[in-house]
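Here is the structure we will look at, set down as structure tokens.
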Amino acid sequence: MPELPEVETVVRGLQLALPGRQILTVRMGKIDFIHEPDLLAERLPGSRINSVSRCGKFIAVELAPSAATANPEARLHLVIHLGMTGRLTAGAPTEPVPPHTHVFLTLDDGNELRYTDIRRFGKMRLAPDSWMDELRARWGQDALAISASEFVERFGSRASRIKALLLDQHTVSGIGNIYADESLWRARIHPARRADRLTAKQLRALHRAIQTTLLAAIRMKGSSFSDYVDAEGKPGMFQRMHRVYQREGMACRRCAQQIRRIQVAGRSSFFCPRCQPAPRARKNFGARKK
DNA sequence: AGCTCTTCCTGAAAGC
DNA sequence: TGCTTTCAGGAAGAGC
């Protein structure tokens, strides 16, 4: 599933292929995951691509203001979220079309930008600057950009379980199930611990673990299990480095204890019961009041 | 405030 | 063998 490192890898690939290109034609298959598909059909042909960037798990393809628009300040962005199984690839139109490919953009260099998404949990829309601003305001800071002190402040005051907070994009954006588990293992924190019961030292360790894990994953071009590929259609390699994710019953790489799997915040959570001690069972008798 | 459940969707894997 | 059921999950929304 694409999380920050996978989206970053796709964006870096697209940055080599898209800026400066003009979109010639747009063809769409299933459109139920596209917000206002008519707008894409109307506005994309003829527009030129300025840049490609990442905002959390969103990909933003910025278009140059078109001469036809009355207001040259009204920049548009083709915003894409890959969801679970989304793939965004740029290549020759002669390459075989994978099943479930729903958007084709032909480019002026003869290449084609394609969006493929088996489950269509992804999202696509053409949005103005103001929508991007709203997104940034509503979403938490990017997981790679947030400072240690901000991280401690944001998490230390919350009563939710730490895993739930890591997955909540409003707290910090970019982290999904894989990197939440990997980071928690690295920081030796149990996924069901309440964030406000962690020490500042533990939260700083978690912040560091997130940075280390995400940067290492980016170097390996992301994790591929079933569907994720980069902008050239190639899988990542970081899944080989996973310490806990999808390793139930296997030995912890630190202490050889068997990795366990539980449900936290409705998600599979993998952890080492020795390295990541469980929160103390809360009995009424011991309940603390604030 | 924060938790759980539901919804969207498909294919792989498990169950019978 | 071949069918049916279950599960996986990013994010939003409902309801408690």
Side-chain angles (χ1 to χ4, degrees), chain A residues 1-8 10 28-35 37 54-60 79-88 97-103 115-125 127 131 134-140 142-143 153-184 191-198 214 217 222-229 235-236 239 242 244-249 261-270 279 282 287-290:
Chain A
M1 53 238 64
E3 304 178 28
L4 189 152
E6 291 75 32
V7 177
E8 178 67 24
V10 171
M28 289 178 270
K30 290 190 180 175
I31 52 170
D32 56 358
F33 64 98
I34 304 175
H35 181 78
R54 181 182 63 76
C55 183
K57 299 182 200 170
F58 287 87
I59 298 167
V79 184
I80 299 137
H81 193 298
L82 300 176
M84 288 290 302
T85 54
R87 297 176 169 197
L88 196 57
V97 178
H100 307 285
T101 301
H102 299 301
V103 180
Y115 182 73
T116 307
D117 193 346
I118 297 173
R119 296 184 204 173
R120 303 204 304 285
F121 273 24
K123 293 274 179 280
M124 189 178 293
R125 76 191 302 150
W131 192 89
E134 275 173 48
L135 178 75
R136 274 184 273 266
R138 203 157 41 92
W139 243 229
D142 194 88
E153 198 178 320
R154 277 213 93 128
F155 283 77
S157 59
R158 301 287 299 274
S160 303
R161 288 181 287 186
I162 188 68
K163 171 80 182 264
L165 280 186
L166 288 174
L167 294 179
D168 181 358
Q169 305 298 301
H170 301 92
T171 313
V172 98
S173 61
I175 301 172
N177 210 29
I178 295 175
Y179 298 105
D181 282 3
E182 293 296 315
S183 301
L184 287 168
R193 294 287 306 275
R194 264 178 61 163
D196 61 358
R197 296 205 201 282
L198 297 171
L214 293 178
S223 305
S224 290
F225 273 105
S226 50
D227 299 292
Y228 163 74
V229 294
Q239 66 279 9
H242 288 177
V244 284
Y245 189 76
Q246 289 283 306
R247 294 193 69 244
E248 184 182 16
R261 170 189 186 142
I262 56 171
Q263 291 285 117
V264 180
R267 294 282 168 267
S268 282
S269 299
F270 301 87
R282 306 210 53 76
R288 208 183 313 171
K289 49 183 185 269
K290 174 104 188 285

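In what follows, chains carry the letters A, B, and so on, assigned in the order in which the sequence lines appear, proteins first and then strands, with residues in each chain numbered from 1.
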Note to self: If the threshold is 4.0 Å, N to carboxylate O, is there a salt bridge linking A:Arg54 and A:Asp142?
What the structure shows: yes

Check: Can A:Asp196 and A:Arg194 be counted as an ion pair, charged N to O under 4.0 angstrom?
Finding: yes

Notebook entry, point to check: Of the options A:Asp117, A:Val229, A:Ile118, which is the one that meets A:Arg87 in a side chain to side chain contact (heavy atoms under 4.5 Å, CB included)?
Noted result: A:Val229

Note to self: Let me test you: for the helix from B:dG2-C:dC16 to B:dC16-C:dG2, what is the angle between the axes at its two ends (five pairs each), rounded to 10 degrees?
What the structure shows: 60°

Check: Just checking A:Glu3: base, sugar-phosphate only, or nothing, at a heavy-atom cut-off of under 4.0 Å?
Finding: nothing

Next item on the list: For A:Lys123, report the nucleic acid contact type (base, sugar-phosphate, nothing); a contact means any heavy atom under 4.0 Å.
Entry: nothing

Checklist line | With sequence neighbours excluded, residues passing ring-ring contact (aromatic ring centres under 6.0 Å, His included) with A:His100 | finding: none

Check: What residues, two or more places apart in sequence or in another chain, satisfy ring-ring contact (aromatic ring centres under 6.0 Å, His included) together with A:Phe121?
Finding: none

Item checked: Sugar-phosphate or base contact per nucleotide [nucleotides 7-14 of chain B; S, B, -; heavy atom under 4.0 Å] -> -BBBS---

Length of the [atom1]-[atom2] vector between [X] and [N], whole Å:
| X | N | atom1 | atom2 | result |
| --- | --- | --- | --- | --- |
| A:His170 | B:dC3 | NE2 | P | 15 Å |
| A:Asp181 | C:dG10 | CG | P | 11 Å |
| A:Leu4 | C:dA11 | CG | P | 11 Å |
| A:Phe270 | C:dG9 | CZ | P | 7 Å |
| A:Asn177 | C:dA8 | CG | C1' | 10 Å |
| A:Met84 | C:dA12 | CE | P | 15 Å |
| A:Gln263 | B:dT4 | CD | C1' | 12 Å |
| A:Leu165 | C:dG10 | CG | C1' | 16 Å |

Notebook entry, point to check: Excluding sequence neighbours, so at least two apart, what forms salt bridge (charged side-chain N to carboxylate O under 4.0 Å, His left out) with A:Lys57?
Noted result: none

Notebook entry, point to check: Are OP1 or OP2 of C:dA8 and a side-chain N or O of A:Ser268 less than 4.0 angstrom apart?
Noted result: yes

Margin query: So, does A:Arg158 get its side chain near the phosphate of B:dC3, meaning an N or O under 4.0 Å from OP1 or OP2?
Written below: no

What nucleotide among [options] has an atom nearest to a side-chain atom of [X]?
| X | options | answer |
| --- | --- | --- |
| A:Ser160 | B:dC3, C:dG10, C:dA11 | B:dC3 |
| A:His81 | C:dG10, C:dA12, C:dG9 | C:dG10 |
| A:Tyr245 | C:dG9, C:dA12, B:dT4 | C:dG9 |

Next item on the list: For the pair A:Tyr245 and A:Ser268, evaluate side-chain hydrogen bond (donor to acceptor under 3.5 Å, both in side chains) and give the outcome as yes or no after the intermediate values.
Entry: CA-CA 9 Å; A:Tyr245 189 76; A:Ser268 282; over 6 Å; no

Next item on the list: Output every pair passing salt bridge (charged side-chain N to carboxylate O under 4.0 Å, His left out) with a member in residues 153-181 of chain A, not counting sequence neighbours, ordered by first then second residue.
Entry: A:Lys163-A:Asp181

Note to self: Under 6.0 Å between ring centres: does that hold for A:Phe58 and A:His81?
What the structure shows: yes

Margin query: Under a plain distance cut-off of 3.5 Å, with no hydrogens placed, do A:Glu3 and A:Tyr228 share a side-chain donor-acceptor pair?
Written below: no

